[in-house]
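Step one of this worksheet: look at the structure below.
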Amino acid sequence: MLPLNSNQIPALFQKAGTLARSGKPDEALKVLKQLQTMAPNRAEVPFQIAQLHQQMGQTDAALKAYGQAVRLAPAEITVWRAYINLALSQDPATRKAVAKQLKKAKLPAAELQRMTTILKGSGSSTKRVSKTASKAEIDALTAQVNAGRVKAAEAQARALLARGPNEVISMLHGVALAALGQADKAEEAFKTALTTDPDYGEALAQYGQFLIKQARRNEARKALEHARRVIPDNPIVLGNLGLLYTDINAPREAIECLDALLKQAPDNAAGLFTRAKARLSLEDAAGTIEDLDALAARSAPTGEMLALRAMAENLLGNSEASRKAIDAALEADPNHLRVVTMAANLLQRSGDFEAAEKVLRDAIARGARSGGVYRMVAQGRKLDKDDPLIDEMKELWDHPDLPDEARIDLGYGLAKVMEDHKETDAVWTYLSRANEVVSRLHPHDMTKEQGDFDRFKAFLKGFDPERIGSCGYDQNNTIFITGMPRSGTTLVEQILASHSTVTGGDELGIFHPLGFEQVAKVAQAGGHIGDMTDAQFNALGRAYQGAIDTRLPDADRITDKTISTYQIAPLVWLAMPKAKIVALRRDPRDNLWSIFKNRFVAGLHLYSYSQAALVQTYRLYTEYLDLWRKLAPDRIYEISYEALVDDPETEIRKLLEFCDLEWEDACLDFHKTKRDVKTLSVAQVRQPLYKSSVGKWEPYAEHLTELLDGLAKIDDGYT
């Protein structure tokens with residue numbers, strides 16, 4: 001290979017940037033390391049290397065590269081800020097080492113002092129020096145805000161700001177303006193404070209809290225995560241991040257924040273309540289009840305607390321206790337929308353659709369005008385054309401000031417009604433608007449999925465199929481059911497869970513985070529799957545089994561319908577050699593149309609609202625399966641949804657044989673099983689197999705050109 005020359009440097013920088021944006025950080029790093037050899041004194045090279053390592057979760061490598069960058073460019077503020085922001089989330093020794101380096105920085109005195117203050121911060125607050133207001137004046141203004149005298153506080157803040165800029169006063173002014181309902185002026189005040197000091201932790205915390213109330217979750221997340229880097233122990237930051245993570249369905253992140261908050265303030269009621277919700281999302285029923293008991297010891301339980309208890313008791317299999325709790329919740333707070341929807345959800349799961357609909361319609365009759373309530377009624381069954389609820393839904397839809405979340409729910413509900421009545425154009429009117437709003441509120445990063453695939457594929461270097469069976473925990477025989485959402489995974493789980501020896505576990509979401517915690521440790525050290533030891537795989541299998549024993553203590557064999565299992569199959573094979581993986585395949589036109597027209601839990605399946613993103617996700621699904629077939633073709637069983645509904649007995653017999661299960665007639669009569677079903681397919685799996693879902697996309701073909709054209713380019717061996 002010819003030596004590189006300096007004329008190639010710009011082209012190599014461009015190449016590295018292109019690779020990074022394409023989700024190929026490992027390849028980008030190789031290019032940057034070439035550059036580092038050619039141009040060892042250019043600070044932007046280790047700076048870019050540091051940012052890539054940080055994105056990949058390789059903190060030690062990132063810190064080392066940032067250290068190189070600041071030594072080469074001690075006067076570069078951008079590099080120092082990035083270095084310090086990363087150091088703030090590390091242990092005291094790391095922060096101390098960075099602070100020592102900071103003493104050699106060639107920064108303006110004010111900037112150097114500010115960064116030094118941040119690194120030495122108390123963890124819960126930052127020290128401020130005010131030149132335009134005395135400490136007594138600031139304390140008096142703070143007291144006004146805390147006492148709720150916001151009108152007087154706003155006037156007082158305005159008067160103090162007349163003396164000159166002051167980030168503390170601007171922040172307090174923003175809090176007062178927000179409390180007065182003057183959102184635009186409040187945001188301007190917060191931004192003024194942060195323009196003065198972008199790392200002002202308390203202003204970031206208050207601005208993040210303001211953005212949550214404005215339902216601007218992505219912006220709130222950036223502000224609050226920035227605040228946590230600066231003041232990691234601040235209770236406002238921890239509490240609001242816990243709330244935000246719970247709302248976007250990131251319960252593990254929520255619990256980590258809320259644990260830190262409750263360690264400081266064990267009696268924080270909001271923290272306990274939010275953690276109860278996060279624990280319930282993880283199906284930690286015992287933890288949920290623990291938090292609810294702590295709340296009940298302080299005050300009488302609210303309707304929502306009782307509804308959460310009902311969900312937790314249901315998870316524990318305590319049907320009678322669950323029903324009593326939900327009845328008590330409806331009696332305590334019959335007009336609380338979350339109580340109503342949780343009650344209806346529990347009833348639908350158990351198959352009591354009539355009782356669920358009565359709860360929902362009673363709420364509507366009492367004046368509830370919630371998109372979510374209407375959507376649940378529409379999804380429960382086909383509404384008659386003359387049902388007055390349809391006109392109510394249309395009338396509510398036409399309100400120009402309908403909140404975004406309500407419009408989303410109502411849009412999906414109306415689309416379902418219109419589809420039932422074969423009004424194709426009307427379906428698209430409601431559905432396209434609902435998806436448009438979801439995409440705006442919950443943007444999807446298409447590069448991340450490709451990057452995840454490329455990184456894991458690279459991690460599989462050295463995979464040896466001969467190790468399967470020679471390592472791992474061999475006492476676990478879980479049947480993992482995976483595939484795209486709406487591909488028939490719930491149907492297959494219901495069939496298998498109807499077997500006398502199998503307990504349906506639903507979407508447990510346990511193995512993926514456990515597996516990737518191990519992967520991250522090995523990858524961070526530069527290793528691959530071949531570097532993982534037998535002991536690591538055994539520990540991984542045991543950790544999963546331990547979680548199963550806690551969640552489903554009486555089950556001998558379970559199904560785990562976690563969708564993402566298809567992304568990590570080799571880890572399952574090596575950690576639990578007796579486990580089985582069943583992958584669903586369905587005509588992608590039907591499959592993706594079904595995903596596109598359904599609403600998922602906030603934060604999940606963000607690709608589902610865009611045709612282009614749906615095509616990419618499906619393409620990656622086929623590439624994962626192609627890779628697994630090459631690595632270990634006998635370790636994954638693919639079943640066609642269409643074949644299953646066309647000839648159920650034949651396909652069920654083959655499925656049971658793969659799972660080492662004897663034939664039982666109950667598997668063919670799966671719709672008679674009384675187990676709870678928690679997914680969008682709750683109604684379908686209560687019915688015998690039917691073929692009416694095949695070809696459902698066809699009436700909407702003219703609206704699905706982007707999706708259909710994209711699928712035509714995929715050689716998936718299916719269509």
Applying side-chain contact (heavy atoms from CB on, under 4.5 Å) to Gln450 and Arg619, what does each step give before you reach the verdict? CA-CA 10 Å; Gln450 183 67 56; Arg619 173 182 59 78; 2.9 Å; yes
Between Tyr207 and Glu187, does the side chain to side chain donor-acceptor pair (under 3.5 Å) criterion hold? Intermediate values first, please. CA-CA 7 Å; Tyr207 185 40; Glu187 182 159 16; 2.7 Å; yes
Glu290 vs Arg279, salt bridge (charged side-chain N to carboxylate O under 4.0 Å, His left out): CA-CA, chis, key distance, verdict: CA-CA 10 Å; Glu290 178 188 4; Arg279 284 175 156 178; 3.4 Å; yes
[X] bridged to [Y] by N-O distance under 4.0 Å:
X	Y	result
Arg599	Glu405	yes
Asp398	Lys394	no
Arg366	Asp362	no

Donor-acceptor check, side chain of [X] to backbone of [Y], threshold 3.5 angstrom: yes or no?
X	Y	answer
Asp587	Arg589	yes
His442	Arg217	no
Thr341	Arg338	yes
Thr429	Asp425	yes
Ser281	Lys277	yes

From the list Thr482, Val492, Thr489, Leu508, side-chain contact (heavy atoms from CB on, under 4.5 Å) with Lys561 holds only for Thr489
Q | Audit row: Trp593, Leu707, side-chain contact (heavy atoms from CB on, under 4.5 Å) steps and yes/no | A | CA-CA 9 Å; Trp593 164 246; Leu707 186 150; 5.9 Å; no
Got a sec: does the [atom1] of [X] have more than 12 other heavy atoms crowding it under 6.0 Å?
X	atom1	value
Glu188	CD	no
Asp184	CG	no
Glu331	CD	no

Evaluate the side chain to side chain donor-acceptor pair (under 3.5 Å) criterion for residues Glu392 and Tyr374: first the C-alpha distance (whole Å), next the side-chain angles of each, then the deciding distance (0.1 Å), finally the verdict.
CA-CA 9 Å; Glu392 288 181 26; Tyr374 282 117; 2.6 Å; yes
| message | Under the criterion side-chain contact (heavy atoms from CB on, under 4.5 Å), I'd like the reasoning laid out for Glu507 against Asp560: C-alpha separation, chi angles, the key distance, then a yes or no. | response | CA-CA 6 Å; Glu507 297 185 31; Asp560 183 339; 5.7 Å; no
Inset, instruction - Begin with the C-alpha distance, continue with both residues' side-chain angles, and end with the deciding distance and a verdict on salt bridge (charged side-chain N to carboxylate O under 4.0 Å, His left out) for Asp452 and Lys448. - result: CA-CA 6 Å; Asp452 289 345; Lys448 183 180 182 302; 2.8 Å; yes
Parallel, tilted or perpendicular, as decided by the 30° and 60° cut-offs, for the rings of Phe600 and His605: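 It falls in the perpendicular class, over 60°.
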### Task
Give the ring-plane orientation class for Tyr621 versus Tyr566, where under 30° counts as parallel, over 60° as perpendicular and anything between as tilted.
perpendicular
Do Asp293 and Ile289 come within less than 4.5 Å of each other through their side chains, counting heavy atoms only?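 Asp293 vs Ile289: side chains touch.
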ask   = Is the shortest heavy-atom distance from the side chain of Arg433 to the side chain of Val437 under 4.5 Å?
value = yes
Partner of Asn435 under side-chain hydrogen bond (donor to acceptor under 3.5 Å, both in side chains), chosen from Tyr430, Tyr609, Tyr412 =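 The side-chain hydrogen bond (donor to acceptor under 3.5 Å, both in side chains) with Asn435 is passed solely by Tyr412 among Tyr430, Tyr609, Tyr412.
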Item to check | Steps toward salt bridge (charged side-chain N to carboxylate O under 4.0 Å, His left out) verdict (Arg375, Asp409) | outcome: CA-CA 6 Å; Arg375 178 175 60 83; Asp409 276 320; 2.6 Å; yes
Please test Arg349 against Met311 for side-chain contact (heavy atoms from CB on, under 4.5 Å), starting from the C-alpha separation and ending with a verdict. CA-CA 11 Å; Arg349 286 186 190 184; Met311 301 286 277; 3.5 Å; yes
| After noting the C-alpha distance and the side-chain angles of Asp590 and Arg486, does the key distance pass the salt bridge (charged side-chain N to carboxylate O under 4.0 Å, His left out) rule? | CA-CA 9 Å; Asp590 278 325; Arg486 310 295 297 164; over 6 Å; no
- Between His226 and Asp199, does any side-chain donor sit less than 3.5 Å from a side-chain acceptor?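 On atom types as modelled, these side chains qualify, holding a pair under 3.5 Å.
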